Amino acid sequence: MKRLVALAVAALLATAPGGALAWGGSGHRMIGQEAMRSLPGELPGFLRSPRTILDVGELSREPDRHKGAGRLHDTDREGAHFIDIDEQGKLLGGPMMVPLAATRADYATQLRLFNLDEWKAGYLPYAIIDRYQQLTINLAYWRVLNAAIVNPAWKGNRVWFKEDIRRREALILKDIGELSHFVGDGSQPLHVSIHYNGWGDYPNPNGYTTARIHAPFEGEMVKSRVSQVDVAKAVAPFRSCYCPIEQRVTDYLLKSRDQVIPLYEMEKAGGMKPGDPRGGTFATARLAEGASELRDLIVEAWRASATTKVGWRPIAVQDVLSGKVNPYVALSSVD
């Protein structure tokens, strides 16, 4: 019932002027833009252009902007934006989040044992991993196409390669925009907690607020008190965890969950009141964490794209880069 009420409030906010949804437009835009601005030189040039930076900032808002498309569309996707973890690392008091089930089907089976489902508990880690893997394969296609178009032995297919590069770059920006959105959701502590909109009906010995602080924190406060310049300054250096994507994502979400108590302590101390700088400082740090993680995942996807396969029947990226295999048949499709 609490989740249904929260969804109803979210729907009202979505249609209200200036309504905030998951960091609001301002926060998601900053995360996307600052991640792209901090990409290292090893990434393709088209990803570092001023136009792409602006585009990704806008595309980062897209999973919220298309809410309202219809009941089936909205209810199926709502769980992608959150995961409700308690202080013990359990999902709504049910199974432990870690180790993360290998697939969403396995996750659903795990939750059913506790009379839960992925729409009640949320499936944010799977939304992030899905978009990361999609980005990786599209970057692999981009590598192959750009190697093929300059190979004189394959000049007969050059027009098709050029057109597919154009299509692939559009898909890559869409992938990054969606990845940005869900990584951004994960940096907002209230998106990874059972205490997602006030402390709720749980033991509350420290007297944390039960008011609906979710939208005021991630929306208007960010818009009015967070500077994009300050977010940019707080973006961390690139970090590779040299670990599976599943581990990286769960570590990231649990680290964000650890900021739930500090957020409620900040609110209790008055940090969200007008004129108090503490709320803006807290939100700035979380937005910078989201931008840093997004940037790192884009770099990791780029590096992983060099060692995968593409097309049907699959061909190794390295075989195309070395000139061993013309990718045209595999990319244009063997029916």
Side-chain angles (χ1 to χ4, degrees), residues 32-33 35-57 59-60 127-183 238-246 248-249 291-335:
Q33 290 182 354
M36 300 307 285
R37 285 196 177 100
S38 64
L39 286 176
E42 70 183 271
L43 273 291
F46 85 94
L47 288 177
R48 294 178 284 112
S49 73
R51 170 56 64 89
T52 293
I53 290 169
L54 291 174
D55 285 347
V56 168
L59 291 170
S60 298
I128 296 173
I129 294 167
D130 175 87
R131 272 61 176 195
Y132 167 85
Q133 292 176 343
Q134 184 70 52
L135 175 60
T136 301
I137 196 68
N138 273 328
L139 287 169
Y141 276 106
W142 189 92
R143 282 184 185 270
V144 162
L145 289 161
N146 278 270
I149 202 170
V150 298
N151 190 318
W154 307 331
K155 62 182 180 181
N157 306 124
R158 194 167 287 165
V159 171
W160 190 91
F161 292 145
K162 182 179 180 180
E163 285 300 300
D164 212 43
I165 289 171
R166 176 183 59 80
R167 289 185 286 265
R168 199 60 48 183
E169 290 183 354
L171 288 171
I172 287 168
L173 294 194
K174 180 178 184 293
D175 294 341
I176 292 176
E178 292 186 356
L179 179 64
S180 173
H181 187 91
F182 296 118
V183 170
F238 171 75
R239 179 187 69 86
S240 175
C241 77
Y242 303 102
C243 64
I245 182 62
E246 293 81 4
R248 175 154 196 154
V249 169
S292 301
E293 185 68 12
L294 173 61
R295 183 270 325 281
D296 291 355
L297 288 178
I298 295 170
V299 175
E300 297 278 34
W302 170 247
R303 293 178 178 178
S305 71
T307 58
T308 188
K309 294 183 178 181
V310 296
W312 181 255
R313 297 183 175 87
I315 54 173
V317 170
Q318 288 301 317
D319 283 347
V320 179
L321 269 54
S322 68
K324 181 179 177 181
V325 176
N326 181 343
Y328 177 73
V329 173
L331 299 190
S332 63
S333 183
V334 176
D335 296 327

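Note that this is a predicted model, so its numbers are computed, not measured.
Formation of a donor-acceptor pair under 3.5 Å by the S180 side chain with backbone atoms of I176 is not found in this model. In this structure a side-chain-to-backbone donor-acceptor pair under 3.5 Å is missing from R48 to L39. Not one N or O on the side chain of R295 forms a donor-acceptor pair closer than 3.5 Å with the backbone of R37. Checking side-chain atoms of W142 against main-chain N and O of I172 turns up no donor-acceptor pair under 3.5 Å. Judged by distance alone, with hydrogens and angles left aside, the side-chain atoms of Q318 form a donor-acceptor pair with the main-chain N or O of A306 at under 3.5 Å. Without hydrogens or angle criteria, S60 side chain to V56 main chain gives a donor-acceptor distance under 3.5 Å.
When all heavy atoms of Q33 and I53 are compared, the pair lying nearest together is CG-O, 3.4 Å. In terms of heavy atoms, E42 sits closest to R303 at OE2-NH2, 2.8 Å. Of all the heavy atoms in W302 and R143, the pair that sits closest is O-NH2, 2.8 Å. Nearest heavy-atom pair across V317 and S305 is CG2-O, 3.6 Å. Shortest non-hydrogen contact noted between L179 and I128 is CD1-O, 3.6 Å. Shown here for A35 and A291, the closest heavy-atom pair between the two residues is CB-O, 3.4 Å.
Between the CD atom in E169 and the CZ atom in F46 there is a gap of 4.5 Å [rounded to 0.5 Å]. The distance from the CZ atom of R131 to the CG atom of L297 is 13.5 Å, given to the nearest 0.5 Å. Expressed to the nearest 0.5 Å, how far CG of N138 lies from CG of D175 amounts to 4.5 Å. The structure places CG of N151 at 10.5 Å from CG of L321, a figure rounded to the nearest 0.5 Å. With rounding to the nearest 0.5 angstrom, the CE atom of M36 is 7.5 Å from the CG atom of L294. To the nearest 0.5 Å, the span separating CZ on R248 from OH on Y242 amounts to 10.5 Å.
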**OP:** Show the numbers, then the answer: is there a side chain to side chain contact (heavy atoms under 4.5 Å, CB included) between V183 and V249?
**Re:** CA-CA 9 Å; V183 170; V249 169; over 6 Å; no

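Of the residues L331, V144, N146, L145, the one that meets the side-chain contact (heavy atoms from CB on, under 4.5 Å) test with V320 is V144.
Partners of T308 by side-chain hydrogen bond (donor to acceptor under 3.5 Å, both in side chains), not counting sequence neighbours: none found. For S332, there are no side-chain hydrogen bond (donor to acceptor under 3.5 Å, both in side chains) partners, not counting sequence neighbours.
Pairs of residues two or more places apart, or lying in two chains, that qualify as side chain to side chain donor-acceptor pair (under 3.5 Å) and include a residue from residues 153-163 are N157-N326, E163-R166.
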